[in-house]
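Counting convention: from 1, in listed order, for ligands and their atoms alike.
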Amino acid sequence: MIEKIREVEEEVITKAIIRKTMEDWINLAETDVVVVGAGPSGLTAARFLAKAGLKTVVFERRLSFGGGIGGGGMQFHKVVIESPADRILREIGCRLEPIEEGLFITDATEMMAKLACGAIDAGAKIILGVSVEDLIYREFPLRIVGVVIQWSSVMMAGLHVDPLAVKAKAVIDCTGHDAEVIAVASRKIPELGVTIKGEKSMWASRGEDLVVRNTREIVPGLFAAGMAVAAIDKTPRMGPIFGGMLLSGEKVAQLVIEKIKGK
Ligand code: 48F
């Protein structure tokens with residue numbers, strides 16, 4: 001027996017989507033934390049931030065999440081995780097297979113899906129197809145107070161459309177190898193004194209360690225996590241091993257929580 005599918009008028013669909021989207025956007029226009037980029041560091045940060053009760057939105061340029069996870073290692077569909085970052089994946093139910101003592105492997109698709117589920121279930125909003133193209137700043141003291149956003153499709157089409165802005169108590173650059181948000185700060189607010197040195201050639205273990213160690217508030221109100229940190233500091237790339245990205249996301253969330261909630 002085939003169940004009868006419910007009938008619906010087209011305008012009901014349209015009205016529901018527009019009304020509910022606008023409710024979300026009005027709520028998001030002023031938020032606690034903007035995470036830029038839904039890669040491993042951004043999704044991890046978003047989960048810990050939302051879990052701590054902070055209003056968190058992730059803006060992701062593409063129409064998918066996961067960033068560099070999906071490509072696995074040279075498109076082989078597995079990624080490697082080292083301890084203690086396996087704890088972060090176990091918390092969200094990601095299955096890990098041991099390879100050696102303290103070293104694990106998992107499917108790229110499982111990891112990206114579960115990181116995203118973890119962030120969403122904790123209460124973070126992930127908005128796809130939106131690019132952060134600039135920052136909002138204030139003086140006395142000099143600080144970052146939000147982001148300027150645009151539809152990725154508008155940017156790709158090269159249309160002249162003015163963007164919108166979202167206020168935030170903290171902005172986190174999780175944009176990966178190009179550190180795009182910090183690059184904007186460096187180019188457009190020179191008085192911040194931020195420079196991007198560009199990442200170094202591969203040395204997996206050293207790169208992982210330094211990314212986590214150097215995860216920090218770069219200028220007041222603007223933090224960096226994941227490969228963006230390596231780009232700022234000229235530390236080594238690491239290829240398809242992801243523990244550092246997860247631990248960097250966790251660390252930046254702790255720093256932001258301390259700053260905003262004073263804990
Ligand atoms: O590149 P990505 O995965 O950054 P990550 O969290 O992790 C790096 C690893 O994937 C890997 C590695 C270490 O194992 O070497 O590369 O540091 O994810 C960055 C996300 O940010 C989005 C981009 O589409 C990607 O999904 N993104 C980049 N620039 C912007 C942006 C922007 N201006 N606005 C919105 N999203």
Side-chain angles (χ1 to χ4, degrees), residues 34-47 57-75 78-82 85 88-89 105-106 108 111-112 115-116 119 126-135 146-156 163-164 166 168 171-185 187-188 196 198-212 214-215 222-233 235-253:
V34 166
V35 176
V36 190
S41 63
L43 291 173
T44 304
R47 178 165 77 89
V57 57
V58 183
F59 290 120
E60 166 54 51
R61 160 183 296 158
R62 298 187 217 167
L63 292 179
S64 59
F65 37 63
I69 304 171
M74 219 180 88
Q75 283 190 39
K78 301 276 181 187
V79 292
V80 171
I81 295 96
E82 70 277 50
I88 295 174
L89 292 182
I105 195 154
T106 189
M111 179 164 138
M112 59 205 274
L115 283 174
I126 304 176
I127 307 287
L128 301 176
V130 169
S131 295
V132 168
E133 57 144 72
D134 205 344
L135 291 160
V147 294
V148 177
I149 54 172
Q150 182 57 276
W151 300 117
S152 303
S153 51
V154 165
M155 294 178 79
M156 288 163 78
L164 286 175
V166 169
V171 175
I172 312 177
D173 185 337
C174 294
T175 63
H177 297 262
D178 294 327
E180 284 199 23
V181 179
I182 311 281
V184 168
R187 196 171 65 248
K188 298 184 80 168
I196 306 233
E199 72 190 22
K200 221 167 177 173
S201 292
M202 191 179 285
W203 183 350
S205 279
R206 176 166 288 184
E208 289 281 86
D209 180 51
L210 288 174
V211 157
V212 184
N214 296 342
T215 295
L222 179 56
F223 296 72
M227 281 313 285
V229 177
I232 298 163
D233 295 336
T235 59
R237 66 189 300 190
M238 65 291 287
I241 178 159
F242 280 82
M245 301 301 110
L246 305 178
L247 293 167
S248 172
E250 182 185 42
K251 179 176 172 186
V252 84

Practice problem: Without swapping roles, check the side chain of T44 against the backbone of E250 for a donor-acceptor pair under 3.5 Å. | Solution: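 No; zero donor-acceptor contacts below 3.5 Å.
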Quiz item: What are the two closest heavy atoms between I126 and A119, and how far apart are they?
Solution: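 Taking every non-hydrogen atom into account, CD1-CB, 4.5 Å.
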Exercise. Any atoms of ligand 1 less than 4.0 Å from a non-hydrogen atom of H177? List them with their elements.
Key: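 Matching atoms, with element in brackets: 11 (C), 12 (C), 15 (O), 16 (O).
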Self-check item: Distance filter under 4.0 Å to V36 heavy atoms, resulting ligand 1 atoms
Solution: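 Answer, ordered by atom number: 32 (C), 34 (N), 35 (C).
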Exercise. Determine, using heavy atoms of I149 and all atoms of ligand 1, whether some pair is separated by less than 4.0 Å.
Key: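 In this structure, I149 fails to qualify as a contact of ligand 1 - no heavy atom is under 4.0 Å.
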Tell me, which protein residue and heavy-atom name are nearest [atom], and how many Å apart are they?
{"atom": "atom 34 (N) of ligand 1", "answer": "V132 N, 3.0 Å"}
{"atom": "atom 23 (C) of ligand 1", "answer": "E60 OE2, 3.5 Å"}
{"atom": "atom 19 (C) of ligand 1", "answer": "C174 O, 3.4 Å"}
{"atom": "atom 1 (O) of ligand 1", "answer": "G176 CA, 3.8 Å"}
{"atom": "atom 3 (O) of ligand 1", "answer": "G68 N, 2.7 Å"}
{"atom": "atom 9 (C) of ligand 1", "answer": "F242 CE2, 3.6 Å"}

Quiz item: Taking both backbone and side-chain atoms of S131, is any N or O found less than 3.5 Å from an N or O belonging to ligand 1?
Solution: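 There is no such contact.
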